[in-house]
Structure formats: structure tokens, C-alpha cells
Amino acid sequence: MTLEQKIALLAETIETDSKNLISTRSLDSLDEWDSLALISLIGMFSKSFGRNISVEKLREFKIVQDIIDEMHE
Amino acid sequence: MPSIARIAYYLPQNILTNEELEKEYESWSANKIYRKTGIENRHIANEEATSEMAVKAAEALFNSSQDIIKDNIDFLLLCTQSPDYFLPTTACLVQERLGLKQTIGALDFNLGCSGYIYGLLLATSLMQAKHVHDVLLLTSEKYCRYINPQDKSTRTIFGDGATATLLSETQGMATLDAFDWGTDGAGAKNLIVPAGGDALHCSSETAKEQVDANGNIRSLDNLYMNGPEIFTFTLNTVPLTIERVLAKASLTMQDIDFFVFHQANKFMLETLRAKLDIPEEKFIIDMKDYGNTVSSTIPIALENTRMKGLFHNGAKILLAGFGVGYSWGSAVLTWKE
């Protein structure tokens, strides 16, 4: 999956515009970053990458790049 | 062989729609609520007691067939986490209101989303031990009494309702072939009403409302659900219980004709379906007009699918319930109609 594809998938998952997902952007600064976004991410990691990601790991994510780095099988 | 003879259910009249919720929750449109949960309507009990809903579900069961003879019932099991009283047992109140004979056993058991599977397991075990012939299994849940109206994480999902299942040792529409079960109390804190029991008595302190990081308002007297933790628990646990119950039934995933899971929310179910690689046509999703009715979701979905005529004679059906506790269970049935 290319970087563009990952950003598009992430944008679709948390229901935001791709333009908001600059790699250094703080997740807390995104309006969409709430518990529903976490649930959507858990689903995305399971469906698209076959991974069960822990909530501890999700809570470690601080910026957009942290999520992108984990988007692999 | 222990069998499910018949299922009926009862839903309270009062309905809470996404349109009504949209008016209360600024950032959530009716469309977004449906997209995220797969739920449009929930039935809310309000003043109706858990025992009243249980009685109405049982009466619907008795009225559904002339073949059901009340006096044949030897045991009443009632699954609830919202009993009428701490004591006496809700099942005892229900025995009297239903006019069941006094020589029956009646007990409540406190489980949530796994409760129906445990009820089937307990009933089956009582039959196999030759203690009883017919068992009435009731599920009745009223989470609305615990939910803070300003907590959209729970209010959008849960609905109230009750179901009644008659189990018989000799005849029925589905035999109960295999069970698996499991427990992990480490997850207790992730789906809990913190105050009201002996660990923390209700007080003016526990009634104080607080706003969480997502803008939801609740107190310690209210239901709290850590959605992300419950979701990861489900993704980790459900595939394992399915593997075990299939091994006990000497079956494979391909042998199963229908999967009827606890109807937690549509997003969770779709993720589980994808993870387990289950074809869409074998996977029952039935919560749009009821929401998550806790221990009642599986029997409601089973009965609705039966009424649609989807189950064929010999069909293998896999049930799985999972949630509060943590507690989980699964079962394999063979349809006989």
C-alpha cells in the first residue's frame, strides 16, 4: 500500500479530509479524534492489515505519522 | 436430546429514534449514528419493570403455540443484570405472575451479552442430568435505567427487551449439540455500573456527573463502556471460542450454515465477519430496529431468521455471545424443521 493509499484509508476510517492528515499533525487537534475514531481504527487494522491492535498501542499514537507507521501487515 | 422448542420476544412500546438523538447530540447526525452502529430505533422500557417484560415475553411464547403446556415446565432460568430487587429473585416473581406450578426451580443469573448461551448451557445440563424435562429460559434487560441520557456512547447502542425460550428434552426445532465458554474478570472495569452494589454504595458523591474526554456525561451510578477495549476483547476472543466449539462439535467453519452472534453493533459484527472470513449470506445481522438488547439479541435474531424461513432442516447454526464480565460463550445447533 502506497503512502497516498494509506492516507486515503485513514481519512475514510476516521471520517476526515485527507488534507487534514499531514504527517506531523497532532491527533488531539483533529475534531474527529475521539473514542469512535479509536474503534474505527481497531476495525481498520483488523480488516485491512489482519492485525489486532491493542488499545494501549492506540493511545500511544500522538501524530498522524504514528498511525501511518503501524499500517502494515 | 436437549432442544430449543420455541422462542418469543417482547419489546417495550416506547421507541427512541436516531432523529430524536440527533436533536440532543450536536455533532452526531441521525445518518452518522446509523452508519456507525447499524441501529435506527431502540425500544426503551422506562417505567416497565424487568419482571413485567419477562412475563410479557413468556406470555407471547405461551400464546404462540397450543402445544406449550405451562404445567410441563420444571425450571425457570432468568438472565438479567437489572433485577426488580436485590432480593427477592426476579424469577420467583415471574413464577407467580405466570402461574407456573410451585414445584419448579426458579433462579436469576447475572450475565449480559453472553447470557443466552449460558442459559442454554445450564438448561441443557439440567436436562442431561435428568433433573428436568422442560425449561423456560427468559432474558430480560433494562439497561436504560443505568444509562445517562447525555452519554451517547451507550445511549445510541442499547435497547431494552425480553425473550422467552422453551427448551425441551425430547422435541424441538433445534438440537443443542456443543458448547464452549470462557471468563476473564480482568475486563470487569471496561463495562460496568460502578456504584449501587456493595463495592460502592450509591451516594450524593456517586451521583455527581462528570464529562469525559469525548464529551459524554455520566456519573458512577451510570453504565460505563470502554468501547475500544470491548472491541479488542471481542476480536481477540470470539475467533478462539468459535475454534473450540467447532472442535467439540467435530465441524469446520465450512460446515456452518448460519452464524448468529450477539448483536453488539453492526461495525463490530462486520469486522468480526471479515476477520473470520464468513460469507455475508451466512451471517445474521438483525439489530436495526432494536439495538443491542444485551442477552436478548441472539434469541431475537434466531426467531426473526426462523420467521423469514431461512433455516432449513439440518442447518448447522453457530451462536456466540460475548461482553460484560468479560464473559463469553458459543454453541452449535442443528435445525430440525
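Proteins come first, then strands; the chains are lettered A, B, ... in the order of their sequence lines, and each starts at number 1. Here the structure is a predicted model, which means the values were calculated and not measured.
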Quiz item: Hey, is CD on Gln65(A) packed in by over 12 heavy atoms from elsewhere, all under 6.0 Å?
Solution: yes
Quiz prompt | Options Ser54(A), Gly50(A), Gly43(A), ranked by heavy-atom pairs under 4.5 Å with chain B, top entry | solution = Gly43(A)
Practice problem: Could you tell me which of Asn226(B), Leu235(B), Leu272(B), Asp212(B) has the largest number of non-hydrogen atom pairs under 4.5 Å with chain A? | Solution: Leu235(B)
Self-check item: Under 4.5 Å from a heavy atom of chain A, the part of Arg35(B) involved
Solution: side chain
Exercise. Please test Phe258(B) against Phe283(B) for ring-ring contact (aromatic ring centres under 6.0 Å, His included), starting from the C-alpha separation and ending with a verdict.
Key: CA-CA 6 Å; Phe258(B) 293 96; Phe283(B) 196 73; over 10 Å; no
Self-check item: Side chain / backbone / both / neither for Ala274(B) at chain A, heavy atoms under 4.5 Å
Solution: side chain
Exercise. Run through Ile39(A), Ile53(A), Leu41(A) and flag the one making a side-chain contact (heavy atoms from CB on, under 4.5 Å) with Pro228(B).
Key: Ile39(A)
Exercise. May I ask you to name which of Leu58(A), Asp34(A), Val55(A), Asp31(A) has the most heavy-atom pairs under 4.5 Å with chain B?
Key: Val55(A)
Quiz item: Taking Met44(A), Glu56(A), Lys47(A) one by one, which has the highest count of heavy-atom pairs under 4.5 Å against chain B?
Solution: Lys47(A)
Quiz item: Does Lys248(B) make a cation-pi contact with Trp181(B), if we ask for NZ or CZ under 6.0 Å from the ring centre and within 45° of the axis?
Solution: yes
Quiz item: Can you check whether Phe322(B) and Phe233(B) have ring centres sitting under 6.0 Å from each other?
Solution: no
